[in-house]
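Reading through the C-alpha cells given below for one structure.
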Amino acid sequence: PDGIHGLAENIFSGCKSLQTIKVPDSVSQIHKNCFSWCESLTTINLPEAITEIAPGSFTGCEKLKTLDIPSRVTKIGYGAFSKCTGLKSLTLPDTITEIEENAFLGCRQEIIDEIVEAGTYAATGRNAQSPIIIEVTNKELRDRLSALNAKIMGKEEGFDPFYGANTVLIVLADKSKPTYLYDGSLVMGNLMLAAHSLGIGSCWIHRAKEEFEMPEGKEILKQLGIEGDYEGIGHCVLGYTDGDMPKPHKRKDSYVYKIK
C-alpha cells in the first residue's frame, strides 16, 4: 500500500509464484535480498524515490527480462542481479556512480549466446561459412588482447582499446575463401545488430588483422587449437551503455540513388 517507505530484507525472497509487482511510489528503500529467488518474476516497476539497488535484491530472478533502473539510483550493490539469466535489457541512468562486484554475475551468458548465434547466421559466399567467432570473457586473455591491440596503435602501456568491455567477440575468416573479408564483415554486422536488439551496446574495434599476424596472436590461436590460414576481421566488444542508447546520426542525402 501507499505510505510505506521501505521493503524489509528478504521480505519476498523465495516467493516462487510471484510474477509481477508494482512497488508503491512512496518506497525509497529496498533492502538486501528483497526479491531474491523470485523465480517466476517477470515484471517489476520500481519507484523514482529509490537511490540504491541493495545487494542481492534480484538474485536468481531468472525470468526477469527487462528492467528500468530509476533515475535517482547511484549505486548497484553486490550481486544485485546475479543469476538473472533471462535479463536481456537493463536501462541504467547517468546517476549511477558505483556498481559493486558480481552485480551481474551469471546473468549475461544467455544474452551473449543469442548474439553469437546471430553471428553464425550471417550470409557467406556460397554458404562456405568461412568465418569463426572467438568468444572471450576470460579476463586474462581479454587483457592480453587489449595490450596487443594497444601496442599496434602505438599507445602507452595501460591504454585499453576495448573501452573497458568485459566481453570481446573476435571474428576471423579463412583466407582460402575468396569472399572471406565480406563474410567476416557480415558476421560483425549481425553481431552488432543482435546486440542492439537486446539493449546491449557494441563497438567494432579494428586491428584484428595485425593482432593475429603477430607472434603473440598466432600463439593465442595455437593455444586455442585453431588451425588454418585465418585473418582477423574485427573485435565486437559488448557491454551496457552508460545512459541511453545513442541516437543515430542523420543519414547523408546522397546515400540512395533510385533508377526507375
Side-chain angles (χ1 to χ4, degrees), residues 78-79 81-85 87 90 99-122 129-175 180-181 183-196 198 200-242:
Y78 180 92
F81 297 98
S82 64
K83 302 186 185 303
C84 290
T85 55
L87 192 62
L90 182 68
I99 298 178
E100 291 189 340
E101 187 177 359
N102 294 332
F104 299 99
L105 179 67
C107 69
R108 62 181 181 169
Q109 188 57 53
E110 183 176 311
I111 298 175
I112 297 172
D113 290 345
E114 193 165 340
I115 293 170
V116 169
E117 184 179 17
T120 67
Y121 280 91
Q129 301 180 34
S130 67
I132 59 172
I133 303 169
I134 302 176
E135 176 187 313
V136 180
T137 54
N138 176 276
K139 186 178 187 305
E140 180 182 354
L141 180 54
R142 179 253 183 240
D143 289 348
R144 284 174 63 191
L145 292 167
S146 173
L148 277 180
N149 205 287
K151 183 178 180 181
I152 295 165
M153 294 178 73
K155 296 291 186 179
E156 296 181 359
E157 185 176 348
F159 179 81
D160 182 17
F162 298 157
Y163 299 105
N166 294 322
T167 301
V168 182
L169 306 178
I170 310 162
V171 176
L172 302 96
D174 182 355
K175 291 171 64 177
Y180 79 94
L181 185 59
D183 297 344
S185 297
L186 285 167
V187 171
M188 286 290 294
N190 267 30
L191 294 174
M192 297 178 76
L193 287 170
H196 182 79
L198 295 170
I200 303 297
S202 68
C203 186
W204 182 326
I205 306 298
H206 284 293
R207 296 167 296 279
K209 178 180 184 295
E210 296 87 345
E211 200 170 284
F212 289 96
E213 288 175 343
M214 298 171 70
E216 298 96 324
K218 290 179 179 179
E219 179 61 26
I220 289 172
L221 293 181
K222 183 179 178 180
Q223 290 173 357
L224 293 173
I226 297 173
E227 299 178 350
D229 191 14
Y230 284 98
E231 181 174 300
I233 306 299
H235 314 75
C236 179
V237 298
L238 303 175
Y240 290 103
T241 59
D242 184 8

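Here, residue 1 is the first one in the sequence, and each next residue gets the next number.
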Open item on the list: With a 4.5 Å cut-off on side-chain heavy atoms, are Asn149 and His235 touching?
Closed with: yes

TODO: Evaluate the side-chain proximity of Cys236 to Met192: yes if any heavy-atom separation is below 4.5 Å, no if none is.
DONE: yes

Open item on the list: Give me the atom names and distance for the closest heavy-atom approach of Arg207 to Pro161.
Closed with: NH2-CB, 4.2 Å

Open item on the list: Working to the nearest 0.5 angstrom, can you tell me the gap between Leu186 CG and Leu193 CG?
Closed with: 10.5 Å

Task: Leu145 side chain reached by Phe212 side chain, heavy atoms, under 4.5 Å - done: yes

Open item on the list: Show the nearest heavy-atom pair for residues Tyr180 and Ala173, with the distance to one decimal.
Closed with: O-CB, 3.5 Å

TODO: Working to the nearest 0.5 Å, report the span between CG of Leu198 and CG of Leu90.
DONE: 13.0 Å

- [ ] To the nearest 0.5 angstrom, please state how far the CZ atom of Phe162 sits from the CZ atom of Arg142.
- [x] 6.5 Å

Open item on the list: So Leu221 and Leu172, do their side chains get closer than 4.5 Å, heavy atoms only?
Closed with: yes

- [ ] Kindly indicate whether the side chain of Glu135, heavy atoms from C-beta on, has any atom under 4.5 Å from the side chain of Asp113.
- [x] yes

Open item on the list: If I take atom CD from residue Glu213 and atom CD1 from residue Ile152, how far apart are they, to the nearest 0.5 angstrom?
Closed with: 8.5 Å

Task: Considering all heavy atoms, the nearest Ser202-Ala195 contact - done: CB-CB, 4.1 Å

Task: For the student: nearest non-hydrogen atoms of Pro131 and Val187, plus distance - done: CG-CG2, 3.7 Å

TODO: Test Ser130 against every option in Ile233, Asp174, Leu181 by the side chain to side chain contact (heavy atoms under 4.5 Å, CB included) rule and name the one that passes.
DONE: Asp174

- [ ] Flag the pair Ile220 / Met214 as yes when at least one side-chain heavy-atom distance between them is below 4.5 Å, and no otherwise.
- [x] no

Open item on the list: Would you compute the distance between atom CG of Leu238 and atom CD1 of Ile115 and round it to the nearest 0.5 angstrom?
Closed with: 4.5 Å

TODO: Kindly compute the distance separating CG (Asp143) from CG (Asn138), expressed to the nearest 0.5 Å.
DONE: 9.0 Å

- [ ] Using a strict 4.0 Å threshold on nitrogen-to-oxygen distance, state whether Lys155 and Asp160 make a salt bridge.
- [x] no

Open item on the list: If we ignore hydrogens and angles and just use 3.5 Å, is the side chain of Asn190 paired with the main-chain N or O of Glu117 as donor and acceptor?
Closed with: no

Open item on the list: Counting only heavy atoms not in Tyr163 (residues, nucleotides, ligands), do more than 12 fall under 6.0 Å from its OH?
Closed with: no

Task: Side-chain heavy atoms of Ile134 within contact of Ile226, under 4.5 Å - done: yes

- [ ] Taking atom CD of Glu227 as the centre, report whether more than 12 heavy atoms of other residues, nucleotides or ligands fall under 6.0 Å from it.
- [x] no

Open item on the list: Show every salt bridge (Lys or Arg N to Asp or Glu O under 4.0 Å) that has at least one partner inside residues 214-224, sequence neighbours left out.
Closed with: Lys151-Glu216

- [ ] Check side chain to side chain donor-acceptor pair (under 3.5 Å) between Tyr230 and all other residues, then give those that pass, not counting sequence neighbours.
- [x] none

Task: Any side-chain heavy-atom pair of Asn102 and Ser82 under 4.5 Å - done: no

